[in-house]
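Taking it in order: structure first as structure tokens, then the write-up.
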Protein chains: 2
Amino acid sequence: MHKDTTLSLQALRRLPGYYNYLLELRRRGESSVAAPAIARAMGLNEVQVRKDLAAVSSSPGKPRVGFGVADLIDSIGRCLGYHNSEDAVLVGAGRMGRALLSYGGFEAHGVRIVAAFDEDEQVIGQSEGDHPILSVKRLPDICRRMNIHLGIITVPADRAQEACDLLVEGGVLAIWNFAPIHLQVPQGVLLQNENLPAQLALLARRLGERIAKFGEESAGAEEDLRTPSPEDQGETEPQKAPREEFHHG
Amino acid sequence: MHKDTTLSLQALRRLPGYYNYLLELRRRGESSVAAPAIARAMGLNEVQVRKDLAAVSSSPGKPRVGFGVADLIDSIGRCLGYHNSEDAVLVGAGRMGRALLSYGGFEAHGVRIVAAFDEDEQVIGQSEGDHPILSVKRLPDICRRMNIHLGIITVPADRAQEACDLLVEGGVLAIWNFAPIHLQVPQGVLLQNENLPAQLALLARRLGERIAKFGEESAGAEEDLRTPSPEDQGETEPQKAPREEFHHG
DNA sequence: GATAAATCGATAAAATTTTATCGAACTGAA
DNA sequence: TTCAGTTCGATAAAATTTTATCGATTTATC
């Protein structure tokens, strides 16, 4: 029932948020959930959530009940490719690179990092989180042989173009770039930049706007801010009335 | 001349991309740049870029010449708050946490990480990238005293809600969360989730779509894909005709 | 100088995305 | 069984975002 084409780009970006929330519901033992409940928890519009769910769900929601939690988890996972397995390589086994390598969450999202590359003789031959670290000289060849189309760049900014070129040479068609620099890629190669400092700065900016909007009673003030402002969307989710219960104490 | 209100959310998200590209132009010695050139380099629409630049630029662009590179860098930086300095704390000095701590790019974006917290006695007392790692027990108190409103969560998923609650207790009003879990925050607290695996999965999905669309001639195939498809936007930027020259050797 | 090419700003059209509204369907309680 | 309340799907309106078009302006070239 899921027609790929009906999913807007923005909707796609909301799905991972739903996914995590649904996993939590499942942990709590909930077997079904209504769109309005999800909307409240995530600070989104009811209709929007309902539309998103309708677009991915394999079975329609039941009035007065909602959607099956397990069904939704499966549908969203399927839709986002979490059940596939795409191989990827990582270039740059520095701090960030190794953090990603040791992070176990990628397999659950359908991506398997099969190898890491670096140019530092010190780290070549080591391994991190079960991923071998190889010499960057072997990168293009290995990518070709293993038919890898997905690359991650975690090298310093001044080496990023070089790493990028090696990946392209190896036949990689999609690059996830953590270096804060503009990369040149040939036509047909997808490039997604992950500019972490910029993300944080954006959050700081929004925070600043808020504080400015409601007078600033800094030192030791109690929370006075309310009305999460409906301008939010995307990765950001304010809670409108998330009372439910806290699940950690 | 920059009217904060005229900047759409999507435009805000494009600015960091412009920023990096402009920095590169400055390194190359370019003193001015035209909107269409930026658009080509970033795979965006001319008019869109022109509108974005007009919204932030302090001085109008000159026909036949474009905008001043230095001016734009300053304007965008100002607009994104890169010239401010907002203090932040980080919770969770694991791999990802320490990667962020040792990453020098935050200061340049107007955010200063003043301290990190962890509960592991082994790491408490150490420091990473000049940032002391303190006991998480002291978190709320220190945040209150230092009047910190920005928090970063890099703890494992099953401890994230706990970390979140401590930050809120400390008066933090905006939280950047790396744990792949849905967090409950009170009204008025901004929450931005950074779900790295989900981001990569999204890229993998788009790659899969592409490969499916143009037949799949895997093993050792030359690049045959063309026409970057105009569906792209946001963090993603395909190149339409980036010939210029490569700047790395 | 005059002319051609390219860019700008502005306005408006198109596309996408979000939000509102309606009747129908289902559940649980009287 | 009946009724009240909630949620669903669908349609349509509103808002936002992207793209196209046009005349005006400036620079480079002849």
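In what follows, every heavy atom counts, from backbone to side chain, and hydrogens, waters and symmetry copies are set aside. Residue numbers start from 1 in every chain, and the chains themselves are labelled A, B, ... in the order their sequence lines are given, proteins ahead of strands.
Judged by closest nucleotide on DNA chain D, A/Ala34 is the one of B/Ala11 and A/Ala34 placed further toward the 5' end. In this structure, A/Ala35 and B/Lys51 both approach DNA chain D, and ranking their closest nucleotides by distance from the 5' end singles out A/Ala35.
For A/Asp52 and C/dT19, the CG to C1' distance is 13 Å, given to the nearest whole Å. When the C1' atom of D/dT16 is taken as reference, atom CG of B/Leu9 falls 10 Å away, rounded to whole Å.
Using a 4.0 Å cut-off on heavy atoms, none of the residues of residues 67-75 of chain A approach DNA chain C.
For A/Ser75, the side-chain contact (heavy atoms from CB on, under 4.5 Å) partners two or more places apart in sequence, or in a different chain, are A/Ser58. Scored by the side-chain contact (heavy atoms from CB on, under 4.5 Å) test, A/Ala108 finds no partners at all (sequence neighbours excluded). The ring-ring contact (aromatic ring centres under 6.0 Å, His included) check on A/Phe67 picks up nothing, with sequence neighbours excluded. Annotation: ring-ring contact (aromatic ring centres under 6.0 Å, His included) contacts of A/Phe178 (sequence neighbours excluded): A/Trp176.
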Per-nucleotide protein contact string for nucleotides 25-30 of chain C (B base, S sugar-phosphate only, - none; heavy atom under 4.0 Å): BBB---
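For A/Arg13, no side-chain nitrogen or oxygen approaches OP1 or OP2 of C/dT17 to under 4.0 Å.
One finds the CD atom of B/Glu24 at 6.0 Å from the CZ atom of B/Arg27 (value rounded to the nearest 0.5 Å).
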